[in-house]
Amino acid sequence: MTPKLYALALGNFAVGTGMFVTAGLVLPIAGDLGISPSAAGQLMTVFALAYALLSPVLAALTAKLSKRRLLLIGLGVLAAGNALTALSPTFGLMLGTRVIAAAGAAMVTPVASAVATALVGPERRGRALALVMGGLTVASAIGVPLGTWMGDVAGWRSALWLVVGLAAVGFAAVALVVPDVRLPASTRIRDRFTPLADRGVLAVLLTQLLIFAGGFSAYTYLGSLIDLPLAAVLWAWGSAAWSATRSADASPTPTVPAAWSSSGSRGRPC
């Protein structure tokens, strides 16, 4: 696999760490801001909802931009959102900054998948997607436990500065090695939901929705549910997830979300 794909995976690693690290910081944030752990857990909820709602909207609004530029904008917004979260003095402001961070993430992960399929031949797309999306899985095994440990040692804000640093590294990697790829895309938001007319796609997405909703409802509050070192528990969770997805490396078929984002098109480096 080329360095270009590793740069995309690194961007996803930053996204995944920023997306899930607050799960390991629920108790420190609650104690510092004087709120309940259940309220602190809503930082994950707000991020997830903003990510889901903004993804199709931003995809339509930015359809005419080159994908490399969009990746750089997304990583920049992700870094800015997490920096603002780290600097937020109140819980209300933190919630708003999580929306900003989610907007950045929503511009990175779907585009990284599309670019990955455009950079390789059809016979290698499965492996390329597994590598690029593996950045999210590795984040849950390494980035999130590391951020949780840093939150325990140096305060929860330090974990968010870690995400800012990872986003900056991802930004530099994309800027250096990822070519300027353009993909045909519609600027109409309703076109983003066209795949839902396919019952097979809809069934897969609904199944994934239930699986992730159940899993991450528990994941967010592991610190309150399990009387064990949280960083170690999150490492075990992420390592199991990474092991379970290794089989995708041998799959020649793109996943449904990746096929959706790429719209079955090959890009062309500019």
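Please read these numbers as outputs of a predicted model, since none were measured by experiment. Side chains are part of it too, since the values below use all heavy atoms of this structure and drop only hydrogens, waters and symmetry mates.
Considering only residues two or more places apart in sequence or on other chains, Ser88 meets the side-chain hydrogen bond (donor to acceptor under 3.5 Å, both in side chains) condition with none of them. Under the rule for a side-chain hydrogen bond (donor to acceptor under 3.5 Å, both in side chains), the partners of Ser66 that lie at least two apart in sequence or sit in another chain are Asp180. Partners of Ala112 under the side chain to side chain contact (heavy atoms under 4.5 Å, CB included) rule, at least two apart in sequence or in another chain, are Leu8, Asn12, Leu71, Val132. Take Ala30 and apply the side chain to side chain contact (heavy atoms under 4.5 Å, CB included) test, not counting sequence neighbours, and it matches Ile35, Pro37, Ala40. Scanning for side-chain hydrogen bond (donor to acceptor under 3.5 Å, both in side chains) contacts around Asp198 gives an empty result, with sequence neighbours left out. With sequence neighbours left out, Ser36 forms a side-chain hydrogen bond (donor to acceptor under 3.5 Å, both in side chains) with Ser38. In this structure Ala168 satisfies the side chain to side chain contact (heavy atoms under 4.5 Å, CB included) test with no other residue, sequence neighbours excluded.
Nearest approach of Ala116 to Val120, heavy atoms of both residues: O-CG2, 3.4 Å. For the pair Met19 and Phe47, the tightest heavy-atom approach, listed with the atom from each and the gap, is CG-CE2, 3.5 Å. When all heavy atoms of Val178 and Ala7 are compared, the pair lying nearest together is CG2-CB, 3.9 Å. Residues Leu58 and Ala103 come closest through the heavy atom pair CD1-O, 3.6 Å. Contact between Ala105 and Pro110 at its shortest, heavy atoms only, is O-CD, 4.1 Å. Ser113 and Met133 get closest at one heavy-atom pair: OG-SD, 3.0 Å.
Residues Leu131 and Val177 share a single hydrophobic cluster, defined by chaining ILVMFWY side chains whose heavy atoms lie under 4.5 Å apart. Both Ile73 and Leu176 belong to a single network of hydrophobic side chains, linked directly or stepwise wherever heavy atoms of I, L, V, M, F, W or Y lie under 4.5 Å apart. Linking ILVMFWY residues whenever their side-chain heavy atoms come closer than 4.5 Å, directly or via other members, places Leu206 and Val201 in the same cluster.
In this structure, Val99 and Leu95 have side chains that are not in contact, with every pair of non-hydrogen atoms separated by 4.5 Å or more. In this structure, Leu78 and Val108 have side chains that are not in contact, with every pair of non-hydrogen atoms separated by 4.5 Å or more. Between Leu119 and Pro179, the closest side-chain pair of non-hydrogen atoms falls below 4.5 Å. Residues Thr2 and Leu5 have side chains in contact (heavy-atom distance under 4.5 Å, counting atoms from C-beta outward). In this structure, the side chains of Phe91 and Leu43 come closer than 4.5 Å at one or more pairs of heavy atoms.
Residue pairs meeting the salt bridge (charged side-chain N to carboxylate O under 4.0 Å, His left out) criterion with at least one partner in residues 21-45, sequence neighbours excluded, are Asp32-Arg157. The salt bridge (charged side-chain N to carboxylate O under 4.0 Å, His left out) pairs that include a residue from residues 106-121 number zero, where partners must be two or more places apart or lie in different chains. Residue pairs satisfying the salt bridge (charged side-chain N to carboxylate O under 4.0 Å, His left out) criterion with at least one member in residues 73-97, sequence neighbours excluded, are absent. Residue pairs satisfying the side chain to side chain donor-acceptor pair (under 3.5 Å) criterion with at least one member in residues 75-85, sequence neighbours excluded, are listed as follows: Asn82-Arg98, Thr85-Thr97, Thr85-Arg98.
Between atom CG of residue Leu84 and atom CG of residue Leu93 there is a gap of 9.5 Å, rounded to the nearest 0.5 Å. Distance CG/Leu25 to CH2/Trp156: 8.0 Å, rounded to 0.5 Å. With rounding to the nearest 0.5 angstrom, the CZ atom of Arg125 is 9.0 Å from the CD atom of Glu123.
When hydrophobic residues (I, L, V, M, F, W, Y) are linked wherever their side-chain heavy atoms come within less than 4.5 Å, the members clustered with Leu87 are Trp161, Val164.
Remark: the backbone N or O of Thr137 is paired with a side-chain donor or acceptor of Ser140 at under 3.5 angstrom.
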Working for side chain to side chain contact (heavy atoms under 4.5 Å, CB included), residues Thr90 and Leu33: CA-CA 7 Å; Thr90 66; Leu33 299 181; over 6 Å; no
